[in-house]
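Given the structure is predicted, the values throughout are model-derived calculations rather than measurements. Each chain gets a letter, A, B and so on, in the order its sequence line appears, and its residues count up from 1.
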Amino acid sequence: MFIIPKEKEVPLGCITPAPVTEQPMMITGNWREYRPVIEQEKCNLCMNCIVYCPDACWQLNEVEDEVVWNAKYCKGCLICVNECTTEALSKAYELDFEDGVVRLEKPF
Amino acid sequence: MAKEMVLSGCAASAQAAKMAKVEVICSYPIRPYTALMMELAKMVANGELDAEFIYGEGEHAQLSVVLGASAAGARVLTGSSGVGVTYAFETYSPIAGGRVPVQMMIADRALDPPGDFGSEHTDAMSCRDQGWLMGWAENPQEAFDNCLINYRVGEDHRVLLPQFVCQDGYFVSHIPGKVLLPDQSQVDEFLPPYTLPHPLDPKHPVSHGPQIRPDQGTIMDLQRAQAHLDAPAVIKEAIADFNRIFGRDYSPFVEEYMTDDAEMAFFIMGAHTMTARHAIKHLRSKGVKIGLVKLRFLRPWPTQEVAEALSKFKAVGVVETSTSYGGAMRGGNLLHEVRASLYDLPQRPLTTSFMAGLGGEMVPLKDFYYMAEILSKMIKEGKTKKTVHWVGFEAEA
Amino acid sequence: MAVAVKTQNLPLIKKIRNIPKEEYYVPGHRTCAGCGPALQYKLVAKAAGPNTIFLGPTGCMYVANASYLCTPYAVPWMHTQITNAGAVASGVEAAYQVLIRKGKWEGELPNVIVMAGDGGSVDIGLQAMSGMMYRGHDALFICYDNEAYANTGIQTSPTTPYGANTTFTPPGPAIPEGKKLFPKDPPQLVIGGHPAVKYVATASVAYPVDLMNKVRKALNVQGPTFLHIHCPCPKGWKFEESKTVEIAKLAIQTGMWILYEWENGEYKYQHKPKEYKPVREYMKLQGRFAHLQEAHIAKMQAFVDAKLKAPGIPVEIPVPPPRAQA
Amino acid sequence: MASKVKQITVWARGVVQDKEGRDIANGLANAAKKEGKFTQAFDNYVDLPDRVNVPLRKYARISDEEIEERYEYENEKPEVVIVADATLVKGINVLRGMEKGGVLVVNTDRKPEDILKFIPNRDLLKAIVCVDAKGICGEATVDFSGSEGGVDAVGLGAGMAAPILGALVRGTNLVKLENLAAVVKNKEALYKGHEQAVVKTL
């Protein structure tokens, strides 16, 4: 029999559960140097930010009819800002915000 | 009622796969294993076997196809020989590490150069450390039986390992022998339907094989090591059931022949065991106290059983049909493992190895007499002069 | 006896607004900020839906996604070697054929999708891909093309464009253009020699609705299908990560990438510009072409011009073969 | 790891600062070597292959005696931590493993106080040094020639690493400025970083 420390455990055959709506073991919000900021009144729901985000960090809130940003996973690539058709999105330096703190012990 | 037939090893293996209701088969031609696939192709064409018969574009693809199929929940079979076995080498570790219990029939063939189609165990032996179960058949009957036994053991959720089910090319694969074909009901009683704990199923999504950190690599290795520690108990169970259901008397790991009062023995696996038995019978009639120990599973290696079986002899001659160039014994691989098994015994027999049957060369009775002579000499001199004897090519014994 | 024939008819998407909300490639993966291949993965997974099995040969979309015991795939996914994705997919499809036939699994034949990089498709993975196409397995093979072995640190692949600076084709005084060879043409390799294939298309992350509809069309077809998807790589091509889509669009506007469908022997083009911009417009945004001299860019322009002139897609070689040059 | 070995950890952003991060670690080790020290500098293997923006680590070790355990993956107890992109302090516990009395060097145009508010375990620090490396010499160099064990073709400290190394000397006595000047390509930026660094003792 072997002693396997908790942090080194690997499931049998390296078969892991599939994520459902997000992969909480790989939080990527701490990759950002800049974040996208939205002025909702300028947004015409062209959906570009939603379709073009590689990290699925923009979603449509159909109740409020507005796009919602996911700070937990946004890596700050700013494709959304670049592809925004109405200049509703702009970039802002991450240190200007108190929120969005992730502070992992290790990068993953 | 079981019925008796005369079948080649390839045909016997095909019959076993059919009775195991194999579901996905992947072929690629190479001698001498090819007839296995020819037989299965006929069965599928005739509607006797409901399976997907996939023409792989090479051995690497063969193993890849059955990996995918087995991971998706189908019982699978593939096979190869010689350089085909080594061409697929990349796939062996992922299959074993992913714990996907595919079965591969290997009919041995010498590796190139040049194109020698004779049998030699080096093809399969080169793959022995990847985590697969592995063993050799002596005759078509064992080829048939080992197929079923290996499915049962490999697919057991306590084991979940792929299986190399080996037979000597030509000698076993091509020369027909007597095979008792059991009833389908017997096979069904012995071999439960195939299930995998976490198959690729959209109704129950899982991820197979994400990356790990280097410090977790040991754990993946430990899992395979553990499976090989757990497998022997499952093998014993399977063999006991097999003997009960099919009326056989297999030992799980090592079989002995005329060893009760023997001073010396051959340690051997595969086809040439049969000739060795007859050699022993003749030697016995001349008063030579010799017996034989046959290995049924090379992986997991039955350390204790080998030690117990061999400890009673004064000298053991390991018949090697594979090469390990530059190895510690300067011959094949078997003697390494035999000596390692004996090392902790207070009383160890003298051991040496005999390179015989390489490249598919025959190993006739007289070769075994020669080996017995060397063993007698070792006992007389009380020491091992050489760890390797190239039978038929030695300037001095 | 049940027969495992696909009956699904995934509807085509008319407007960007109708793109399904559900994600099957979820947030939480280690791909680059602005990753083109990740973007196409998200779109493909959305288009395919839940009855899908992904096979992931080694490459960025394995290593950066399935990092350290977690993955972003909400549907079943299995790693394959970089060599053998087509063969593993064949096995998965074959298993479902027999399991459905024997009544061991109930439901529509799953969408079996290979997500292979250019290396895993038309370099080391070519044999397995071709085998799958030849045998007629009901599976979709996607070559997400970021035009290099990006995961290992940007080494040249058979689809790396002429003139690109990669870590295996660094420009230097003796070889000023970096990469001297012209690229393979993956869809033509598939179309040219695999009679079982009925649908092949190229797509780009620049046109997501087009991309998703091509995925759905491919999945509705019974039999093997192939998509070649242009996926700009900010790391490998050296551009600012916010410009992934912009560069993908420029590729189409300059003729560096052509969007077309090949269905039962007929070609149809999509988003074809009325007038092509010079390739320079596309190249100047990317660090991998920064070293090129005018003569090299002219050579690239000639190659693209020839490609655009051809009635079908087959490419003439407009320049002396590289081996013929000093 | 024996305690006599000083560990220095550099945090940077993948791809866009990969070379800068490596240059800081290499520059430090090379300069220390000139002072007769035993050194090593290396990538954090698990962070590779790096991805655009991913937080990644580069390591340097400096010792008066031969480093006995060279084959380790990580610096577990850094005395000095260098953050090549200030926003990393929101995402990572950059002082992980540090014992009391360490030094933090941050590339930022902001004041030490602005950074410290994002560092809950700031009591571990004896000093923080801030330097606007980007302001001194512009953007980072993206070059893959020195990655994954390759040899850098561009040259050490041509970019932002130079001012950061200059600033480091203000807050630590790991190496002398003149020895850094001997190994760094952009000497002007090195000296500017040294002059313009803001040091706050805690």
Validate the cation-pi geometry between B:Arg152 and B:Phe242: distance from NZ or CZ to the six-membered ring centre under 6.0 Å, angle to the ring axis within 45°.
no
Would you check if the distance from the ring center of B:Tyr28 to the ring center of B:Tyr55 is below 6.0 Å?
no
Under 4.5 Å from any heavy atom of chain A - which part of B:Gln223
side chain
Okay, side chain of B:Gln103, backbone of B:Cys147: is any donor-acceptor separation there less than 3.5 Å?
yes
Please classify the contact of B:Ile219 with chain A as side chain, backbone, both or neither, using a heavy-atom distance under 4.5 Å.
side chain
Answer yes or no for B:Arg128 and B:Phe164: cation-pi contact, defined as NZ/CZ to six-membered ring centre under 6.0 Å and angle to ring axis within 45°.
no
B:Arg299 with B:Asp129: basic N within carboxylate O range, under 4.0 Å
yes
Check each atom of A:Pro5 against the heavy atoms of chain B and say whether the ones under 4.5 Å are side chain, backbone, both or neither.
neither
Classify the side-chain pair B:Tyr194/B:Ser70 by whether it contains a donor and acceptor separated by less than 3.5 Å.
yes
Residues of residues 198-214 of chain B with a heavy atom under 4.5 Å from any heavy atom of chain A, in residue-number order, are B:His198, B:Pro205, B:Val206, B:Ser207, B:His208, B:Gly209, B:Pro210, B:Ile212, B:Arg213
Yes or no on salt bridge (charged side-chain N to carboxylate O under 4.0 Å, His left out) for A:Arg35 and A:Glu94, after CA distance, side-chain angles and deciding distance?
CA-CA 6 Å; A:Arg35 66 165 69 174; A:Glu94 191 58 38; 2.6 Å; yes
